[in-house]
Each structure stands twice: as structure tokens, then as C-alpha cells.
Amino acid sequence: MEISAQYSPRQVEDKWYAYWLDQGFFSSKPDGREPYCVVIPPPNVTGVLHMGHMLNNTIQDVLVRRARMQGKNACWVPGTDHASIATEAKVVNKLAQQGIKKTDISREEFLKHAWDWTHEHGGIILKQLRRLGCSCDWDRTAFTMDETRSKSVIRTFVDLYNKGLIYRGVRMVNWDPQALTALSDEEVIFRDEHSKLYYLRYYLHNDDGSGATGTEGEIIHTDAQGRRYAVVATTRPETIMGDTAMCINPTDPKNQWLRGKQVVVPLVNRAIPVIEDTYVDIEFGTGCLKVTPAHDVNDYMLGEKHKLQSINIFNDDATISEAAGMYVGMSREEVRKQIVADLEKAGLLEKTEDYNNKVGYSERTHVPIEPKLSMQWFLKMEHLAEIALKPVVDGEIKFYPPKYINLYRHWLDNIKDWCISRQLWWGHQIPAYYLPEGGFVVAETPEEALQQAIEKTGNKQLTLSDLRQDDDVLDTWFSSWLWPLSLFNGVLDPNNAEFKYYYPTNDLITAPDIIFFWVARMIMAGEEYQHQVPFRNVYFTGIVRDKLGRKMSKSLGNSPDPLDLIERYGADGVRMGILLSSPAGGDLLFDEALTEQGRNFCNKIWNAFRLVKSWQSSNSIEQPIAAQYGLEWFGHRLNRAIAQINDDLDKYRISEALMTSFKLFRDEFSAWLLEIVKPAYGQPIDAKTLEQTLAYFEQLLALLHPFMPFITEELWQQLRTRQQGESIMVSLMPSASAHNEQTLNEFELLKELVAGIRTIRQEKNLSPKNQLCAKVRDLQPNNGFIAVAAKLANLSAMETTAQEVQGAASFRIGTAEIYVPLEGLIDTEQERTKLQQELDYARRFLDSVLKKLGNANFTNHAPAHVVELERKKEADARTKIAHLEERLKQLE
RNA sequence: GGGAGCUUAGCUCAGCUGGUUUAGAGCAUCUGCCUUACAAGCAGAGGGUCAUAGGUUCGAAUCCUAUAGCUCCCACCA
């Protein structure tokens, strides 16, 4: 049957993925083999595949497939994350489209909608991962809100509470006015913003003229009527309704006259005290700071210290509240504009300056966060940070690249308590139950809570309906941090066999932007509950950018659709494209051209297969000496490459490993070996050569399989007769045996020789069909060498010569000189120029070597082998120069 | 404001504890080729004072110092 000249991935991919599933090759059960376990960074349950996932999961699949082929019991556990805030936002939007407000329905109704949404859109991303070829154990698919994971979360919460690590309290937190929930510090992203610094007039209250001492350095502002005022610089004039003090630095000479005074908040006309605190930076602005304890973290701190009143001028959605007394109901942004205009009109705006500052935005909803005082649950981090630092610093967990160790340490050293409560419904509801008479109990179930409540209050009449469970849910990461533990049910049943077998897992592949959110916290949980790391190695991928280095984003429209790419280039092509553009740890500048390269490589493999498959085997032909020589060489070459690939993969240098495999197949196997063993057109091939070639092909496919699972399976299946149930993915990866450098070096010479003759053909415009003759000097080619050269360069003969050959084109390889007699075709002038150039180069080279050798410091200090090497360079250069000079003389 | 990292060919990057013929790869470019597996291909070629300035050393892309530029992370100066 005719095989197409082009590889068509689609049917091949579907066929083999189904086969793998059917054969249960992805599934893993504990057995006597060494386990190799990876847990997927769970994507958002309702998310769709983007380029970041493609990169991340391709790398995981490469590692997992390789481990499996090394005979390990490989287990890659997939799953999804309930993504509390993101999913809730999506459900709220969807309801809004139906005219339903979240506030109009009950929690139960809302959760029903959310589950419907999850079931409808959930898991799409996992299906997409199958298209990519991911060899996950799908039977183990987990969800951060399924029963086991939920119970694990609740049990952990209760345990930490009982250990005194979880507490509840009123704190200044990051408030997301869009999602209407508190956020952790990690969920706030600071962005540079070009804004303005507004200088406002705060008039002295009941100015009786006292205090103006006229001390040196004092700066007293007075208006046209002689009224004195202080000037306060602020970026947020809309918060003046919440001002409850003005603060100066007691050591600030400029503002001594304000000590003990009261000032009037502009527009608001409320008198506030001037307080003193060294916190205020004398150099900044005017040295006068307005204090709004309800809306700024620092002001809150000042407010606590100086026992100031706190006025919350914002509603939860960041519109102005009744408490502000003015502008009620307006948004933050509107008020800013309005109040600036009003201040200006009232003559209370001294001046405005351009100013760059950082504004915190919600990572999820992208709206500016508002510091807000509220009652929240917190997890104490001091102890957890301590236990999480050690394994990374000690190298029990290795980071790739290692620069992240510093980052990790720095974060843990400066860690603050983790705000774990969210004012959302979609998530794990906090297992705290409030008692009718105040206070609360924390328990895994309502029944246990009731029991505790009765014990605590002594009131035996209490019933379940008297208890009110906390409305809040837990931060999504409070479930993710248990992932490696909870996937094998290690939280609820830490002694179960699976958990004991698979935990700790081996490699974690993740993006660096969640090192704190996730990686650090998993280490904490692992150490706290198992006194054991959750994984041994963490590989941080880069961020996927476009080829111009811009982040991929919806608004830029520069992010390709992964499934569309797979459709156009095949899964293997896309995998290769992604891996090639992904140096370890660096950002990935994705260029579709590399995906094209991947597709082209698939085609290359495909066609190599077509060639080999077309050969008719014959037992009656003797193995040609060229084939024998070529096959022997390739064996060494292959072994060296295997060693290289293994080394690269062991160091997580995945793109290098792929590049080595790529070059091995294309350059060494296809361009050299296949050309050497290829029989003449229509002629059969000797059985021995064919068998050995097939064996090499098979090994190459195995090496490539982790990177390109589909095409390698397809060809592996066709290469030889296979039994049902066999697969390359469960075959053994070839291991490296020793290779002989001598053989490899000799072959490199051969390559140069062949290339040199090809170049001469090109220069002289000689058809490859014309046979040439080569004479070699200072080279002792063996029969195999000669046979291969004759075949690939189409030589009638290769003879050794002790001297100069006239009327020949020539080139040099090392000290050897090769002549191709071309009577009448030699352009003497051109030849002379070329030789002269080579000679100049060689002389310059010799000079540099001689300079080195002439330096007594060098010969005395450098190690013997280095000096020896220089002497060899010298000798070689001299030989070469002698040859060139001789040759030039001949041409004269 | 603090910390980390980067700067090598047009682009993206290797170059490990300083010495392997005066720096390598892939892509891109250029030149030949529709040569009987592959034009999604083959055979070749060009292209770099290793950011800059000093220093250490017999010897520096590699180690040290400074400068410039870029990137990332952290941080409560309004």
C-alpha cells in the first residue's frame, strides 16, 4: 500500500489515545516498582486551555512518559480547582444575564446554580489535555470541592484551629469591592499609576493667632484674609470625609506652629486634632499627613496608636456611604473628580502635581482594592514558615532554576498572617458555628458542633437550628495547599497504602507566579502533617509571551488558540514547538514558526519511515562494508546522544534534550546513516543491515516518544509486527552503553571530507552523477571509511598519496590534505586566492600559539596537558602551513 | 526604597568547577538544487572586538569591582 508523503496527525492521534486509554496504560496502582508521581497544578474547573497550560502540561507529560519508560510506576494525577472567586464571579454574571441578583436568592439556590455551571462547563479543560496527549491517570481525577477534598479541608481547618493557629479577628484587610470579599495579600497586584498629588488646605480651627512663634524654619501658610492653614498632600482627596486627624512629625521644624492645634477638614468643615508621630516623613509633601483610619493601612495603625475615631465612608461596593455625609452613593471615581472640582471652587485646593504611585488591584476582578476594617479568619504563619523554609534551604526540595530559593526565603522571612476567609458562597464553608448567646465552636460536622456547644454552654436544650454556621468560605488556596496530601486521601487516612506508596511525589511543574500562593503553602502543609516534603523537585516554567515578548492576553489578541494549533500542526508538532521555545526557567517567547518546525520534524520522521519501510530484505546479499562501517559508527553516536539526553533531562533541561534528539534523528540518522545504508534504487537490502537499521529506528522512536507521543507510537506499531496490548509508551527506554570517541572523531573527519567534495562539486558546477577521484595525504583511511566516502561523495576511488597532486582542487581537514584531480577545471587564480586566505589564517593562528608558548610564565604555570595541547596546535599548524606553501608554489 | 537576575550572531538561547585548534545551536538570511523517503525537503555559505570600563591570572565570555541598560520579585511614604 502506498504511504502518503505527508504525515496526517489527526486520525493517528485519536486512534492511539483511545488505545492507550483502552489498555489502561495511564492507570497506576501501587506495586513493587519504584513510584514516580506528579500531581497536576489543578486548572480552574470552568477554565479553558491556554498556552500556559500547554507548556506546563507538555513538560509534565514528557517527564511522566519518560519515567514510565524507565520502568517506574508512573502516576500523574489530574484534577481541577473550584476557583472560588473566579467561578463565583462567572456564576454571578450568568445569573445577572437572567435578571437574577445574587442578593435575591438564598445560598442554597446560588450553590445549585454554581454546581450546574460547574457540571456544564467543568472539566472541558481536562478533555483538552487529552488532545495534547497527556498521560494522566484519569480514574483519579479529583476536584478541590469533591467529598474527599472537602472533608480534608474541613478537618485541616479544625485541626489548625485546635492547635491555636487559626484565629478570628478584626483587621485591616484587602477588600475587593467588585467581588465583595476580603483577599489575601498575595491576591493584590500593585501597578504603577500616573496619578496626581493634590495639595489641600486645612485651615486652623478657631484661629486665635497663638502659636505662631516665628521659629526659624517654620512654614506658615496664610490666605488673603490672613487666615492660617496647613497644606496636606494626598493622592486620595475623596477620602477626606473619613479624616479624623492630621499628623505631623514632632521633630519637623516646618510645622511646629501646628502642635496641639485643631484643623478643619476642607469642604467637610469638621475640626480634627493635629497629632504627632515620627511615622510621618518630614521630606514628603509638606510634612502634614491626613489620617483616615478606616481607609488606609498606615492610617489605621496611627488611629490605633492615637485612639482616633474611625469613619467608614465607603459601602462594601466602594460607593460613598451615609457615614460620609456628602456625595452619598457616588462611586470612588466620580467622587474624586467631583471633590477636586468642589475643592478648587472653594479655594481649598492649593495645587496639583503629577505623581507616580502604586495602586493595588484585585488579581481576579482587576478593580482597585480598598483597605477595609473587617472581621476575618486568619492563619498564623510564623510556625508554618519556619518548617517550610528548612527543606528548601537544605536542598531536600530542589528548585529549578535555583534562583527561586532566594525569593522563597525572602517571602517566608517577611510573611504575615494569611487571611483565609472570603465573603463568598462558592467554596468550603468555614466550620465555625455561632451560639445563640454569643461565641462560637469549631467542628467538622454540625452534630459535633452541637455537642461542643452543649458542653461549652451547659445548655442541653440547644438544637442544630440554634447554631448558625459562619457564612464565609475559605480561600481557594486553603484547599490547593493540601493537594498532594489530599489526592491520595492522606489527610483523612494518612496510613492508607496508596498514600504511603506515592507520597512524597517527585516533581512539581508550575509557574513561578504561584510560588507563594501554592508551592510554599504545600510545603507547609506537607511538613505540618507528614513531617515530609510534598515533592522532591520543583520546576518553574516561564511565562508564555508572544514573540515580541509581550504577555499573552485577551485584550492584545496575541494568544493563539491551543486547539486550533493542534488542529493545524498536530499535537506532536505543537508540543515540540512549545518545548523548543522554552529554555528552562526563562520566559517562553512563543513563535508559531517553531510549531511549524515541530510539524516538519514529524514529517521528517514519517518519511524516514517510508524509506526504511520500502526496502526489500534479502538474505542472499552480503552486508556492504559501507553499511557495516556506518552502522557501527551510529551505534556509538546513538549511545553518546542517549547519555547526553539523559543528562539534560535529569537536569530538567528539556528543550536541550529535545534539540539533541531532533539533531540525532535528522542529521545523524537521516542525513548520514540512512544515506549510507540505502540500497540502490529498486535493489533489495541485506537482511543484517535492515535489521540493525530497524533496531536503531526503534530506539530513536523510544527516545522521542516522551516529546512526541503520537507519531512515535504510530510508527513503532508499524515498524515491526506487534501484538495487541503492546505499546511504545510501556516499552523500555534505551539506556546508554559506552561509546568510542575514536570512532566518532574518525567519522567527523569523514563527514568533513564528504562535505568538502560536495562543495567542490558545487563550486565547479559538477553534477553529483559525475564520479570523481580523491587523493588524500596525511590520512590513513580504512576500508569502511573509503567505502562510505565513495558512496556519499560518488567517488570512483580514494587513494593515498605522499605528495602534492597537480591540477586538482584541494581542501584541508586538520593536517590532512584532500585533492580532487580536475584536469582543466581548475581556476588557478581562484585557487591561489583561497589558499592564500587559508595560509594567512593558519599563520595568524600559529603566531598566537607561539606567543603563548614563548611565554615562560605560561609554560611554567599551566598544567602539562594544556601546554601539551598548545604544542600539538603548533605542530599541526606548521604542517598545515608547509602544505599550503608547497601548494601555492605549485600554482605559480 | 530593598532584593534577585539578565546583557554572547538579525531573533531566541547554550557555553558546567577559567585552558579542547583565536566562540556554538535552532530559527531567520543568502546561494545552488523538484538528486528515486521527505521542497513541510536536500547541499552549502555568510554573520559575533561575548553590554562598557577597570582589575585578578601565564591565560577571562567564564572570577572580582564599577558603570549603563533591561527584566522580575518584595515593600504601609501619604
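In what follows, every chain begins at residue 1, and chains take the letters A, B, ... in the order their sequences are listed.
- Base pairing analysis places B:U49 opposite nothing; no Watson-Crick or G-U wobble pair with both distances below 3.5 Å involves it.
- Mapping A:Asp591 and A:Gly682 onto RNA chain B by nearest heavy atom places A:Asp591 at the nucleotide closer to the 5' end.
- Comparing B:G44, B:A78, B:C76 by their nearest atom to the side chain of A:Val280 picks out B:A78.
- Nearest nucleotide to the side chain of A:Arg545, out of B:C72, B:A14, B:C38: B:C72.
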Pair A:Arg568-A:Glu592, salt bridge (charged side-chain N to carboxylate O under 4.0 Å, His left out): steps then yes or no:
CA-CA 11 Å; A:Arg568 281 159 47 222; A:Glu592 213 172 291; 2.2 Å; yes
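- Between B:C27, B:C77, B:A25, one nucleotide has an atom nearer to the side chain of A:Tyr279 than all others, and that is B:C77.
- For A:Arg666 and B:G26, the shortest distance from a side-chain N or O to OP1 or OP2 is below 4.0 Å.
- A:Glu675 comes within contact range of at least one nucleobase, with a heavy-atom separation under 4.0 Å.
- Of the residues near RNA chain B, A:Asn857 and A:Asp840, the one whose nearest nucleotide (by heavy atom distance) lies more toward the 5' end is A:Asp840.
- Computed from coordinates, the A:Asp192 CG to B:U71 C1' distance equals 14 Å when rounded to whole Å.
- Listed nucleotides B:G44, B:A37, B:A25 differ in distance to A:Lys663; the shortest reach to its side chain belongs to B:A25.
- Atom CG in A:Leu869 sits about 20 Å away from atom P in B:C58, given to the nearest Å.
- A salt bridge links A:Lys872 and A:Asp876; the closest N-O separation between the charged side-chain nitrogens and carboxylate oxygens is under 4.0 Å.
- With hydrogens and angles ignored, no donor-acceptor pair under 3.5 angstrom links the side chain of A:Gln6 to the base of B:A37.
- Across all strands shown, the partner of B:C6 is B:G69, judged by Watson-Crick or G-U wobble contacts whose two distances both fall under 3.5 Å.
- Across all strands shown, B:A75 forms no Watson-Crick or G-U wobble pair with both distances under 3.5 Å.
- Taking a pair to require two hydrogen-bonding distances under 3.5 Å in either a Watson-Crick or a G-U wobble arrangement, B:C63 pairs with B:G55.
- Straight-line distance from the CG atom of A:Asp587 to the C1' atom of B:G5: 12 Å, rounded to whole Å.
- Comment: A:Glu838 does not engage A:Lys880 in a salt bridge, judged by the lack of any side-chain N to carboxylate O separation of less than 4.0 angstrom.
- Taking atom C1' on both B:U17 and B:C73, the two are 29 Å apart, rounded to the nearest angstrom.
- Nearest to the side chain of A:His861, among B:A40, B:C58, B:A78, sits B:C58.
- Checked against B:A43, B:C77, B:U22, the side chain of A:Gln762 finds its nearest nucleotide in B:A43.
- In this structure, A:Leu772 places its CG atom 18 Å from P of B:A43, rounding to the nearest Å.
- Put simply, OH on A:Tyr300 is 19 Å from C1' on B:A78, counting in whole angstrom units.
- Closest to the side chain of A:Lys873, from the set B:C38, B:G19, B:U20, is B:U20.
- A:Glu656 contributes no side-chain N or O that forms a donor-acceptor pair with the base of B:A14 under 3.5 Å.
- Distances shown here put a side-chain N or O of A:Lys416 below 4.0 Å from the OP1 or OP2 atom of B:C76.
- Nearest to the side-chain atoms of A:Asn855 among the listed nucleotides B:U22, B:A43, B:C58 stands B:C58.
- The listed nucleotides are B:G41, B:U22, B:C38; the one nearest the side chain of A:Arg610 is B:C38.
- Distance, A:Phe516 CZ to B:C74 C1': 7 Å, rounded to whole Å.
- The phosphate of B:A40 (OP1 or OP2) has no side-chain N or O of A:Tyr7 nearer than 4.0 angstrom.
- B:G15 sits 29 Å from B:G55 when the P atoms are compared, rounded to a whole Å.
- Across all strands shown, B:C42 forms a Watson-Crick or G-U wobble pair, both distances under 3.5 Å, with B:G32.
- No contact: A:Lys613 has no heavy atom under 4.0 Å from any strand.
- Between A:Glu668 and A:Lys751 there is a salt bridge, since at least one side-chain N of the basic residue sits less than 4.0 Å from a carboxylate O of the acidic one.
- Partner assigned to B:U22 is none, using Watson-Crick or G-U wobble distances below 3.5 angstrom.
- Between the side chains of A:Asp252 and A:Asn255, at least one donor-acceptor pair of N or O atoms lies under 3.5 Å.
- Side-chain N/O atoms of A:Arg653 include one lying less than 4.0 angstrom from OP1 or OP2 on B:G15.
- Atom CG of A:Leu611 is separated from atom C1' of B:U35 by 14 Å (rounded to the nearest Å).
- Here the side chain of A:Lys604 is nearest to one of B:G19, B:C38, B:U22, namely B:C38.
- For the 3.5 Å distance criterion, the side chains of A:Asp243 and A:Tyr202 qualify, holding a donor opposite an acceptor.
- For the pair A:Leu373 and A:Tyr300, the minimum side-chain heavy-atom distance is below 4.5 Å.
- Rounded to a whole angstrom, the distance from the C1' atom of B:G46 to that of B:G24 is 16 Å.
- The phosphate of B:C77 has neither OP1 nor OP2 within less than 4.0 Å of any side-chain N or O from A:Asn298.
- B:C70 and B:U8 have their P atoms separated by 15 Å, with the value rounded to a whole Å.
- Looking at residues two or more places apart in sequence or on another chain, you find a ring-ring contact (aromatic ring centres under 6.0 Å, His included) between A:Phe662 and A:Phe601.
- When the P atom of B:A40 is taken as reference, atom OH of A:Tyr569 falls 13 Å away, rounded to whole Å.
- Between the side chain of A:Arg599 and the base of B:A40, at least one donor-acceptor pair of N or O atoms lies under 3.5 Å.
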